[in-house]
Amino acid sequence: MNPERTRSLASFAVGAALIALGALFLLGALFQINVWGALWPFFIIVPGLLFFVGMVALGKPGAPLAVPGSIVTMVGLILFLQNLTGIWSTWAYAWALIFPTAVGVGVAIAGLWSDDARTVRVGSVMAGIGLAILLFFAFFFEVILNLNGLRNGVFGSILIPVAIIAAGVVFLIFALRPRR
């Protein structure tokens, strides 16, 4: 892509983002909504996504940018969800979404971007380990310790048993799959 076209697209993107942000704040003022209180995590999410933009702009040599992009974006998404729900104590186990999960996802994306199957496998395994750690600690803190009181109500009476059944199905699938 030629530099003039890149500058033009960048200017367009910045202009559109400023208009959207201004419109959000205007609507917030008109309807008395604390837009900043809800959207501040996007000041973390957007820079994370910009790493991916850089990765795309640089082509294959930009593949390593997927790792910091994944980490920063994941931190922003966690903060966004915690801000929405007000359940900040989930940091007790949400850290597993950063390392190794987000790092693994970034490594896998870098492998996909650079056509390196081994890197994709390594990243996928890291992400899988991270999700297993997350599920273990989420189960421990939310089901056993009832950290946020989620064991009460519909979550505790329906979703927890369904999650336990799903975990059992996953274990059965792994146990019954043919060995190489």
Side-chain angles (χ1 to χ4, degrees), residues 1-28 35-85 87-88 90-138 166-167 170-171 173-174 177-180:
M1 189 177 282
N2 74 37
E4 188 61 36
R5 178 140 168 85
T6 302
R7 247 190 319 272
S8 177
L9 283 173
S11 294
F12 179 81
V14 169
L18 287 173
I19 290 169
L21 191 60
L24 274 173
F25 283 114
L26 180 60
L27 289 172
V35 174
W36 173 250
L39 296 182
W40 67 264
F42 284 95
F43 284 94
I44 298 166
I45 294 169
V46 170
L49 294 175
L50 288 176
F51 277 101
F52 290 107
V53 171
M55 179 186 81
V56 170
L58 292 173
K60 287 190 188 287
L65 291 175
V67 177
S70 291
I71 294 168
V72 175
T73 302
M74 182 64 75
V75 169
L77 290 172
I78 292 168
L79 291 171
F80 180 69
L81 289 173
Q82 289 176 328
N83 189 46
L84 267 166
T85 62
I87 306 176
W88 297 96
T90 56
W91 273 119
Y93 50 88
W95 57 266
L97 284 171
I98 301 166
F99 182 81
T101 308
V103 173
V105 168
V107 169
I109 291 170
L112 283 170
W113 192 250
S114 60
D115 298 322
D116 183 355
R118 183 179 172 278
T119 303
V120 173
R121 272 193 312 278
V122 169
S124 299
V125 168
M126 284 179 69
I129 290 169
L131 290 175
I133 292 169
L134 172 76
L135 291 173
F136 173 79
F137 280 110
V170 168
F171 275 96
I173 289 170
F174 277 108
R177 73 181 180 165
R179 303 283 178 218
R180 290 183 234 181

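This is a predicted model, so every value here is computed, not measured.
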Would you sort out whether Val56 and Trp113 count as a side chain to side chain contact (heavy atoms under 4.5 Å, CB included), showing the intermediate values?
-> CA-CA 9 Å; Val56 170; Trp113 192 250; 4.0 Å; yes
With Phe99 via ring pair (Phe, Tyr, Trp, His ring centres under 6.0 Å) - residues at least two apart = none
Those residues at least two apart in sequence (or on a different chain) that pass side chain to side chain contact (heavy atoms under 4.5 Å, CB included) with Leu135 are none
Residues in side chain to side chain donor-acceptor pair (under 3.5 Å) contact with Trp88, at least two apart in sequence or another chain = none
Going by the salt bridge (charged side-chain N to carboxylate O under 4.0 Å, His left out) test, which pairs reach into residues 64-74, not counting sequence neighbours?
-> none
How far apart are the C-alpha atoms of Ile78 and Ile98, what are their side-chain angles, what is the distance that settles it, and do they pass the side chain to side chain contact (heavy atoms under 4.5 Å, CB included) test?
-> CA-CA 9 Å; Ile78 292 168; Ile98 301 166; 3.9 Å; yes
Spacing of CH2 belonging to Trp36 relative to CZ belonging to Phe25, to within rounding of 0.5 Å | 6.5 Å
Quick note, side chain to side chain donor-acceptor pair (under 3.5 Å) partners involving residues 61-73, not counting sequence neighbours, are none
Pairwise distance CG(Leu21) to CD1(Ile19) - rounded to 0.5 angstrom = 11.0 Å
Scanning both residues in full, the closest heavy-atom pair of Leu112 with Val120 reads N-CG2, 3.3 Å
Can you list the residues that meet the side chain to side chain contact (heavy atoms under 4.5 Å, CB included) rule with Trp95, with sequence neighbours excluded?
-> Ile133, Phe137
Side chain to side chain donor-acceptor pair (under 3.5 Å): which pairs involve residues 45-57, sequence neighbours left out?
-> none
Please report the closest heavy-atom contact between Met55 and Gly62, naming both atoms and the distance.
-> CG-O, 3.2 Å
In chain order, what residues pass the side chain to side chain contact (heavy atoms under 4.5 Å, CB included) check against Ser114, with sequence neighbours excluded?
-> Ala63, Asp116
For residues 40-50, which residue pairs qualify under salt bridge (charged side-chain N to carboxylate O under 4.0 Å, His left out), counting only residues two or more places apart or in two chains?
-> none
In short, Pro100 meets Gly130 closest at the heavy-atom pair CG-CA, 3.4 Å
With sequence neighbours left out, which residue pairs that include part of residues 49-61 fulfil the salt bridge (charged side-chain N to carboxylate O under 4.0 Å, His left out) condition?
-> Lys60-Asp115
Any side-chain heavy atom of Leu79 within less than 4.5 Å of one from Trp91?
-> yes
From CG (Leu65) to CG (Leu50), nearest 0.5 Å | 11.0 Å
Are Met74 and Val105 side-chain neighbours, meaning at least one heavy-atom pair lies under 4.5 Å?
-> no
Which residue pairs pass the salt bridge (charged side-chain N to carboxylate O under 4.0 Å, His left out) test when at least one of the two sits in residues 62-80, sequence neighbours left out?
-> none
By side chain to side chain contact (heavy atoms under 4.5 Å, CB included), Phe80 pairs with (sequence neighbours left out) Pro41, Phe42, Ile45, Leu84
